[in-house]
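Structure first, then comments.
First listed ligand is number 1; within each ligand, the first listed atom is number 1.
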Amino acid sequence: MSKLFRAVIMGPPGSGKGTISERIAHSFGLKHLSSGDFVRENIAAKTEAGVLAKTYIKKGLLVPDHVMTRLLLPRLEEMTKYSWLLDGFPRTLAQAEALNSACDLDVAINLNIPLETLKERLQHRWIHPPSGRVYNMCFNPPHVQGKDDITGEPLIQQEDDRPEALVARLRHYKDVAKPVIDFYKMTEKAKGILYTFSDTETDRIWPNISTLLSTKISTIQSDARCASTH
Ligand SMILES: Nc1ncnc2c1ncn2[C@@H]1O[C@H](COP(=O)(O)OP(=O)(O)OP(=O)(O)O)[C@@H](O)[C@H]1O
Ligand SMILES: Nc1nc2c(ncn2[C@@H]2O[C@H](COP(=O)(O)OP(=O)(O)O)[C@@H](O)[C@H]2O)c(=O)[nH]1
């Protein structure tokens, strides 16, 4: 019998959440749920939450917690049969508390990447907005310069990935993320789930995350087997 596995991945813009989430989803068969993708889908579908979210994103702001939880928690309820990895949520303490009430997490991955590395990476980040696919002109360039690999459509650079916007964005990230990290350290239900990875290269962090998840997933599954035989 296999028990479901639930994880979140946190880190500043450019820390590699999307890149690492793809690797986790591919290696461990978890569903990769991206809060940014949910927001973009809701904007495209013009749902009530999507229309509201758009007004904040346009101003370069985070979507307010009540809109974000209204958009995301029902999607998690549809996922009760699946193991998943949530990327981009929670971003604030209120979101962490809402998620904590809605489900039990097994692991919270926290990426701690130096500021200079983030600046360097985001300067070279290009995205395909309709799909959320992300490229980096040095690390994972597209097959054809400036074009999405799957659709051939043009890639763009986000305004807020530019160096001028970045410092303020990273400062803001630190302010809102600190209480989330503390929450995972202190809250009884979440004790022991937080793992922080610090490095400048995704390829050096990845083996450690992979080992952690292999160990956690096999422990959870053998606990479930023991429980089912007792
Ligand atoms: N958990 C969240 N809380 C509030 N707003 C969110 C959340 N997740 C996404 N958003 C909104 O959607 C936008 C797009 O999110 P997404 O995670 O794709 O990109 P991002 O902010 O550029 O992050 P990153 O650079 O870390 O990948 C965000 O800028 C923010 O306005
Ligand atoms: N040079 C370099 N770029 C990386 C590395 N890991 C990820 N990237 C790129 O850095 C950018 C940010 O990564 P992304 O996964 O989008 O981070 P997120 O904002 O946390 O989701 C993307 O363009 C990635 O392709 C790395 O180890 N080295």
*Which residue and heavy atom of the protein sit nearest atom 2 (C) of ligand 1, plus the separation*: M68 CG, 3.5 Å
Please output the side-chain donor-acceptor pairs of residues 72-88 that fall under 3.5 Å, not counting sequence neighbours, one pair per line with the distance.
from : atom 1 : to  : atom 2 : distance (Å)
R75  : NH1    : E41 : OE1    : 3.1
S83  : OG     : F5  : N      : 2.9
D87  : OD2    : H32 : NE2    : 2.9

*So which heavy atom in the protein is nearest atom 26 (O) of ligand 1, and how far is it from that ligand atom?*
K17 NZ, 2.7 Å
*Would you mind running through ligand 1 and noting each atom that sits below 4.0 Å from a heavy atom of P13?*
24 (P), 25 (O), 26 (O)
*Numbering as shown, the atoms of ligand 1 that approach R40 to under 4.0 Å (heavy-atom distance)*: 14 (C), 18 (O)
_Atoms in ligand 1 flagged as close to G88, the criterion being non-hydrogen separation under 4.0 Å_ = 1 (N), 2 (C), 7 (C), 8 (N)
_Please check whether V63 reaches ligand 1 - meaning an N/O of the residue sits under 3.5 Å from an N/O of the ligand, judged on distance alone._
yes
*asked:* Tell me the contacting part of R125 for ligand 1: side chain, backbone, both, or neither, using a 4.0 Å heavy-atom threshold, strictly below.
replied: side chain
*asked:* To check your reading of the model: name the closest protein heavy atom to atom 13 (C) of ligand 1, its residue, and the distance in Å.
replied: I57 CD1, 3.9 Å
*Specify the closest pair of heavy atoms between D149 and H143, including all atoms of both residues, with the distance to one decimal.*
OD1-N, 2.8 Å
*How long is the gap from OH on Y135 to CG on D148, to the nearest 0.5 Å?*
3.5 Å
*asked:* So, 4.0 Å and heavy atoms of T92: is ligand 1 close enough to count as a contact?
replied: no
*May I ask you to establish whether K185 and F183 are in a cation-pi arrangement, using a distance under 6.0 Å from NZ or CZ to the six-membered ring centre and at most 45° from the ring axis?*
no
*Which of the atoms in ligand 1, numbered in the order shown and given with their element, are less than 4.0 Å from a heavy-atom of Q95?*
1 (N), 2 (C), 3 (N), 4 (C)
_Every residue of the protein that comes under 4.0 Å of ligand 2, judged on heavy atoms_ = P12, P13, G14, S15, G16, K17, G18, T19, R121, R125, V134, Y135, N136, F139, N140, E201, T202
_Enumerated ligand 1 atoms positioned under 4.0 Å from heavy atoms of L62_ = 4 (C), 5 (N), 31 (O)
*Among all protein heavy atoms, pick the one closest to atom 16 (P) of ligand 1 and tell me residue, atom and distance.*
G36 CA, 3.8 Å
*How close does the nearest protein non-hydrogen atom get to atom 23 (O) of ligand 1, and which residue and atom is it?*
R91 NH2, 3.3 Å
*asked:* Side chain or backbone, does G11 bring an N or O within less than 3.5 Å of an N or O on ligand 1?
replied: no
*asked:* Is any side-chain heavy atom of S15 closer than 4.5 Å to one of Y173?
replied: no
*Is the closest N or O pair between S35 and ligand 1 shorter than 3.5 Å?*
yes
_Among all protein heavy atoms in this structure, tell me which lies nearest to atom 22 (O) of ligand 1, with the distance rounded to 0.1 Å._
R169 NH2, 2.7 Å
_Closer than 4.0 Å to some heavy atom of L61 - which atoms of ligand 1 meet that?_
31 (O)
*Check against side-chain contact (heavy atoms from CB on, under 4.5 Å), D203 and R23*: CA-CA 11 Å; D203 288 346; R23 293 187 189 186; 2.9 Å; yes
*Please assess T47 against N42 for the test side-chain hydrogen bond (donor to acceptor under 3.5 Å, both in side chains), listing each intermediate value before the final yes or no.*
CA-CA 6 Å; T47 64; N42 275 267; 2.7 Å; yes
